[in-house]
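All figures in this text were calculated on a predicted structure; none of them were measured in a lab. In what follows, chains carry the letters A, B, and so on, assigned in the order in which the sequence lines appear, proteins first and then strands, with residues in each chain numbered from 1.
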Amino acid sequence: MAQRQPFRWHIAVFLAPAVLVYTAIMIVPLIGTLNLSLFNLEDGNRIFVGLGNFATLFGDPRWSEAFWNALGNNAWFFLVHMLVQNPIGVALAALLSSPRLRGAAFYRTAIFIPTILSFVIVGFVWKLILSPIWGIAPGMLDAVGLKSLFAPWLGKEEYALTTLALISVWQFVGIPMMLIYAALLSIPDEVIEAAEMDGVTGWSQFWKIKLPLILPSIGIISILTFVGNFNAFDLIYVSQGALAGPNFSTDILGTFLYRTFFGFQLQLGDPHMGATIATAMFGIILVGVCLYLFAIQTRLRRYQF
Amino acid sequence: MMSARHSTGRSIAAHGILILYTLIALFPVFVIVINSFKSRRAIFADPLALPSAETFDMIGYQTVLKQGDFFQYFLNSMTVTVGSLFFVLLFGAMAAFALSEYRFRGNSLMGLYLALGIMIPIRLGTVAILQMMVASGLVNTLTALILVYTAQGLPLAVFILSEFMRSVSADLKDAGRIDGLSEYRIFFRLVLPLVRPAMATVAVFTMIPIWNDLWFPLILAPSEETKTITLGSQVFIGQFVTNWNAVLAALGLAIVPVLVLYLIFSRQLIRGITAGAVK
Amino acid sequence: MGALTLSNVTKAFGKTDVIKGVDLSVEDGEFCVFVGPSGCGKSTLLRMIAGLEDVTSGDVAIDGARINDLPPAKREIAMVFQSYALYPHLTVRDNMGLALKQAGVAKADIASAADKAAAMLALEPLMERRPSELSGGQRQRVAIGRAIVRTPKLFLFDEPLSNLDAALRVATRIEIARLHRELGATMIYVTHDQVEAMTLADKIVVLRAGRVEQVGRPMDLYNDPDNTFVAGFIGSPQMNFLKADRLGLNFDTLGIRPEHLSISAESGQIEGRVSHLEKLGGETLTYIRTEDHGLLTVRQFGEHDHPVDDTVWLTPDQSRAFRFDAEGQRLR
Amino acid sequence: MGALTLSNVTKAFGKTDVIKGVDLSVEDGEFCVFVGPSGCGKSTLLRMIAGLEDVTSGDVAIDGARINDLPPAKREIAMVFQSYALYPHLTVRDNMGLALKQAGVAKADIASAADKAAAMLALEPLMERRPSELSGGQRQRVAIGRAIVRTPKLFLFDEPLSNLDAALRVATRIEIARLHRELGATMIYVTHDQVEAMTLADKIVVLRAGRVEQVGRPMDLYNDPDNTFVAGFIGSPQMNFLKADRLGLNFDTLGIRPEHLSISAESGQIEGRVSHLEKLGGETLTYIRTEDHGLLTVRQFGEHDHPVDDTVWLTPDQSRAFRFDAEGQRLR
Amino acid sequence: EDVTLTIESWRNDDLSIWQDTIIPAFEAANPGIRINFAPTAPAEYNAVLNSKLDAGSAGDLITCRPFDASLELYNKGQLADLTDLAAMANFSDVAKSAWQTDDGSATFCVPMASVIHGFMYNKTAFEELGLEPPKTVDEFYAVLDKIKEDGSYIPMAMGTADQWEAATMGYQNIGPTYWKGEEGRKALIEGTQKLTDEGWVEPLRQLARWQEYLGDGFEAQTYPDSQNLFTLGRAAIYPTGSWEIGVFGPQIEGAFEMGAFPPPVAAEGDTCYISDHTDIAMGMNAKTAHPEEVRTFLDWVGSAEFATLYANALPGFFAMNSTPVEMENPVAQEFVSWRESCEPTIRSTYQILSRGTPNLENETWNAGANVITGAETPEDAAARLQEGLASWYEPQQ
Ligand SMILES: Nc1ncnc2c1ncn2[C@@H]1O[C@H](COP(=O)(O)OP(=O)(O)OP(=O)(O)O)[C@@H](O)[C@H]1O
Ligand SMILES: Nc1ncnc2c1ncn2[C@@H]1O[C@H](COP(=O)(O)OP(=O)(O)OP(=O)(O)O)[C@@H](O)[C@H]1O
Ligand SMILES: [Mg+2]
Ligand SMILES: [Mg+2]
């Protein structure tokens, strides 16, 4: 029989401030909000409708089309980040971590600067650069004889979302770069030297040695990207407005939710449907995170060097 | 000098790629900076031109200085950001320590609970939060903002920090216990200094959204005395016209303090990693 | 002040029993060494004494007082970890002083205690450095210094020398022995290097899979082991075990130390071929492959030469041999 | 295939000269051991041979061909690192096979090479494990296996045993010696454990502060050292250095190994008090504090007893003693 | 002790006007009451205001959006009933209609201003090309064709990136001419007309025709881009509303002269219709701690004095006060003069019809942009709008 331990107060003390602040300011209000998804307004009275709102969201084509459109766009938005942002971040970090590189600190800072910018000026400057009217992008393409490639990307349904995703990549690539850079620095020199001795150099050294060893960091970045993208809102909002034009082609869950929850222009905010969408988003993200935590993270072992 | 392991060709290529990407990263920033020094007509007449004798115009900065107390706004932003960072790091690290150091019932559930917050935008809880602040008389105080940002930053902080805390040597903590340090001292005197790189990482992630947030300042602390820089700059965004000179000037200036914070933290980060833990 | 008693102490991690009932008493001022193969529970036992692991059942007592539920800090013990566990962000002086500072000792007293320990360990010139600026041996000495300043009742060492190189090991070993004499404190020392065990211990405890195999003074264990396990574990190079029946003896195993096996090119009891030779200057180790008994080791003092692959003859000195039964128990 | 020549090789890190002009030739198939105190430049020299550090001046040649500018992978060299430096994400099999795979060797050939190495090192049951699932000794053997499969001209070992515990060290040491015999490859081995140096080397290179002090076969260095540094470094326990004038001799220093110093309770040449005694079973080390010569070590075989603090008398065996001048150079 | 009243508004643009002109005038006349004008960026205004009202931290005075947004606040009890406010007598029923309950029994905001849609044009450019402001639709296209042919100006400044230009400055601008102003609007509300009827589809067809006169890359052209194109003198015609008058003056900096013409009619002599849209009003937070002072202030907002101050400070925002206001700005005078010659109406989607999901106003933005880019035919767009409206609006089912 194990002897009973006295209550370990310090655990409670360590947890208390975080749990209290987080519960009071985040969880309680959010539960209050998500709870609204079970209610609706009928003749000015709030009545309990169970899962009725979800039936509307997924069953009524007016709602469901918008939802699936936003979800699909969001998935693409995420995919672009995974395919562009994270590989670029990894590549930059790999270059930065090469030994005896001069000016690494300068490059690191320069590449991180866009991350610091506020969305308002990011939206403004990219609209200015890509504008067909004020001529930065067309002019630059013209200078290299590729004017014909230019299109008003932000205004075309087929390009707008991808363009915005790439702008977002531009803005946030500093974050994966930082994390991967840190991970690469913590690979012991001797493992790299062993690879040099084994003739594993250059690119194959990166693929066969470094990449597997930074996979756990890539995993964390992926999940942060996932969560970040499925909660994204600001960039689309400042550059395309709450209606996420053209023709909803840049509508993602965040803008869809904002429009519904807080209203827009003549559309009044609908906290009930808004909460329903929020709950659905929450469910999607939770599933993604759990999938990661239980299916992927366990496989990405952290190696003891 | 020719050497066995470092070919000049490779390092030129590396610099080439890095310079290219740095240009891509900085070009829009360059556009922002040059245009903040131009008159409105000049911005749109040729956005890529450097400010010349006739287009050079400090009107943006003048407007910023004239309209409202921007120094105060800066101060408010700094207070809120640094204050929230402090609490996020402190409370987050404490919770992360509890989760990674002690085995107790409900440990992993608590971990998941604290992670829920990264999955749902806190903005949705606005009304309840505002009601709470009204009830407690915190509306139009920086405290309200600090509280909200602390809550908002905690989940990610706990998530990342508890990963790192696990790597702190158990022997070290035991040595502290034998030396008579209480669990609190072990945390503050031993563990905290050792996870500095992780703290720096979390600080960078946490501070940017706080610094740039518009929503909560607008709702919780819109008064003149408590305005943040981002909110202060909104005054130039009108219904039909936006005063881009002023927006560029204000928000361009606004990146300076964050950049300084970033430099501080990233130095901590890199130094912490390369110094390595002592075996 | 400093006598330790363990009474039927056990430890289980979840369902695995790691310590399976240990009774032990260590006298005040004694130097007690725990030896045993990797994973046998040495560290776990030490950590239970320190209070870093809960005791599953049984009692731990210091000077007769049960301390099972006392937190580590209250037990008046000091511990030196295998990994040193120095505080990387503190200077040598602060590493040593932390415990005293924590106990509220006056600044001046802390400084003089640290200086005294530093003098004892020749650390004076290093007091303001941080651990990362020290060599391995220096770090080890700081870890010991940190333990000393607190003048505890009981010192616990967990393989303190295993990260050091050979020369430093010898030097630090001597230092620890001197310390023990000078401080007169009770010390419990874990190692799996039996040379350390032999040279330092007043009393050796041989552990195997969570149980005590034998307890005794070093030379008692060396000269009078209870079983093949202890006989093989104490003494280096390891004792040779010969199949007694092949030698025409009526028990199971004959144990003979390498120095008691004589070698001859002409004649002897056991035939074998030289497999490998190690000349250490002052002594020579010859490894001989035999058909009946496997690889046997012969230790000779001075310089000798036995060409590899030559056939040689070995003869055990029966008067120095040990007899064991089929279970490995000593036949006396 | 595998003869190494260093001609006036130097290395400077920034402004500090670490290697100050080393000339050395290692014959094909020879086992060459670098010894020297910590920081003397052993690893640096090894890494220059491997191509992991640039050579500041001088030439490194294998089989007569200058390889200064050849990248490590092209030098047909294998290296075993002190920290093993295994690829943590690959299984034992893949760790061993990676270099061959990289060189484009056929799958079947890789597998058979790995299996052969595994058989040699008794790693067969571990082939599918990852490094984190191996014990220290097993990891070490995998690191060696990784070096073997490439059948290099030259093996480089940087303190491969320093992270192992005593028992494993002895076993792995014997394993490496066997490997050298079986493969017949040239090996260069860094250590600061002189026992390893003595038992393994065909040729020992004693380094000190970036310079070669003496090169020779182990017993030559043991029996015929050029200076006090080499004499003190080779042989364990260390040689005793006595002040010759106090003994009425007309040179500076008398070097005498611990086993050649006899001890008596009644009479002798040097008076001293027993300071400490180490009984190892097969031998006894006695440390004696003398007024004229400091702490001296006496090594006796078998069990002996000299109560601490007793006065004893020591007599050096003059026939086995070495004579040195004031600069520490041997007087022959 | 002075009472300070805080005004919630989305009019960042007016900050200096309030601070420099309006507030001093009021405070001088009403010692003891201080006014604090606290605007929010327009895009966030509704969300922020609703949150603050729900939580009880909103200001004393609320600037009212027209129709449902404010009606909803009134229904929730967040806006006070101001029917009995003396100043209400100064406004016509039409002026008050945007801030009344559907049955007109209660009024909850004091009307401040309306805006009129029309086309602005670059007078200097027109003179240069020898063009006259068009009166009929045919003349309109003829003018556009000429400008296009000449090539030195973009014929019309409009983009679809922000969507609302297409709907508000296109559709709601020319539309009343086709659906006959109030007549069509009311019929739609009653369910006697459908959005697929000719009068409602034709404006979309017109919009579709505009595409060829817009600048390159109009798909990515935002509203500020359009403004800049016009004020920098690169575009000749700019479909818009009177609110631009005040902001364009300083931007043009006298580089050219600006004029305005009303939406063209089908044939010379047809009745012209203009959108004279009730846009801004001010109401009282029902939870204010100082209802008396708030009412004092609102009475003043309803006065002729305020109307004159406001309309002159903000040329293009026309007072709705029954007492005519003297205005100095010539372009503003031009706009307001159309009130005499044309039938005024308000935007078709604002009253009642944007109460449900899908939201007709938002859908109209989308449809307007789609027909201009060619993503949808006018007929399809109209059918979609009708279907959406009918899905929740009973009179249309
Ligand atoms: N926290 C734990 N949970 C589960 N099993 C443990 C734990 N700590 C130790 N063990 C197990 O208990 C046994 C004894 O471990 P212990 O560390 O005491 O061995 P040791 O004798 O110190 O070995 P070594 O010489 O390798 O240090 C081992 O089998 C180990 O796997
Ligand atoms: N990258 C470097 N920059 C500067 N000095 C260095 C560097 N690497 C080694 N040194 C210095 O060169 C000297 C020799 O180092 P080296 O590692 O070769 O010693 P060593 O003989 O292998 O020592 P040890 O036995 O401790 O491993 C040391 O004084 C060390 O401080
Ligand atoms: Mg242990
Ligand atoms: Mg070395």
Side-chain angles (χ1 to χ4, degrees), chain B residues 89-90 93-94 97-98 100-108 161 164-201 203 264-265 267-279, chain C residues 13-14 43 46-47 49-54 70-90 94-105 129-136 138-140 142-143 146-147 149-150 152 154-156 158-160 162-163:
Chain B
L89 292 179
L90 178 67
M94 282 166 65
F97 181 70
S100 58
E101 174 69 10
Y102 306 112
R103 272 172 293 168
F104 57 92
R105 221 177 309 145
N107 182 314
S108 46
L161 286 177
F164 281 87
M165 295 261 183
R166 284 179 232 281
S167 67
V168 175
S169 145
D171 278 354
L172 195 67
K173 290 175 274 193
D174 285 343
R177 290 195 178 103
I178 289 192
D179 269 356
L181 302 195
S182 62
E183 297 299 319
Y184 308 108
R185 293 266 170 158
I186 287 174
F187 171 70
F188 284 107
R189 306 226 23 191
L190 301 185
V191 177
L192 266 196
L194 293 181
V195 295
R196 264 192 338 200
M199 302 278 275
T201 313
I264 294 171
F265 292 136
R267 161 166 297 187
Q268 284 288 320
L269 174 69
I270 303 302
R271 202 195 279 159
I273 294 167
T274 43
V278 176
K279 285 224 170 150
Chain C
F13 285 113
S43 299
L46 205 64
R47 291 167 57 81
I49 296 169
L52 296 171
E53 301 279 1
D54 297 327
L70 224 53
K74 298 253 169 74
R75 295 186 178 195
E76 296 182 65
I77 49 176
M79 182 157 171
V80 177
F81 292 83
Q82 182 172 359
S83 62
Y84 316 151
L86 297 182
Y87 309 123
H89 54 299
L90 300 182
D94 292 343
N95 260 284
M96 298 211 242
L98 187 65
L100 296 183
K101 194 169 154 201
Q102 186 59 25
V105 174
R129 296 213 200 155
R130 277 171 217 279
S132 60
E133 297 157 343
L134 300 179
S135 76
Q138 293 166 334
R139 287 182 201 176
Q140 189 53 59
V142 175
R146 182 172 66 179
V149 289
R150 297 178 45 209
L154 188 57
F155 279 95
L156 306 176
D158 193 356
E159 309 192 16
S162 72
N163 283 341

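Contact annotation for R189(B): both backbone and side-chain heavy atoms come within less than 4.5 Å of a heavy atom of chain C. Residue contact with chain B, scored on non-hydrogen atoms closer than 4.5 Å, is absent for K74(C). Of the two parts of A78(C), only the backbone, made up of N, CA, C and O, holds a non-hydrogen atom closer than 4.5 Å to a non-hydrogen atom of chain B. If you measure heavy-atom distances from R130(C) to chain B, you find no contacts under 4.5 Å at all.
Looking at residues two or more places apart in sequence or on another chain, you find a side-chain hydrogen bond (donor to acceptor under 3.5 Å, both in side chains) between D158(C) and S43(C). In terms of the ring-ring contact (aromatic ring centres under 6.0 Å, His included) criterion, residue partners of Y184(B) (sequence neighbours excluded) are, by chain and number, F14(A).
Within the model, atoms CD1 of I178(B) and CZ of F81(C) stand 4.5 Å from one another, a figure rounded to the nearest 0.5 Å.
A heavy-atom distance below 4.5 Å is found between the side chains of L52(C) and R177(B). Looking only at side-chain heavy atoms (C-beta outward), D179(B) and R150(C) come within less than 4.5 Å of each other. Counting heavy atoms from C-beta on, the side chains of P88(C) and L172(B) come closer than 4.5 Å.
Listed options L190(B), L194(B), D171(B) were ranked by heavy-atom pairs under 4.5 angstrom with chain C; first place goes to D171(B). Taking S182(B), G176(B), A175(B) one by one and counting their heavy-atom pairs under 4.5 Å with chain C, the maximum is reached by A175(B).
Contact detail for A73(C) and G180(B): the closest heavy-atom pair is CB-CA, 3.1 Å.
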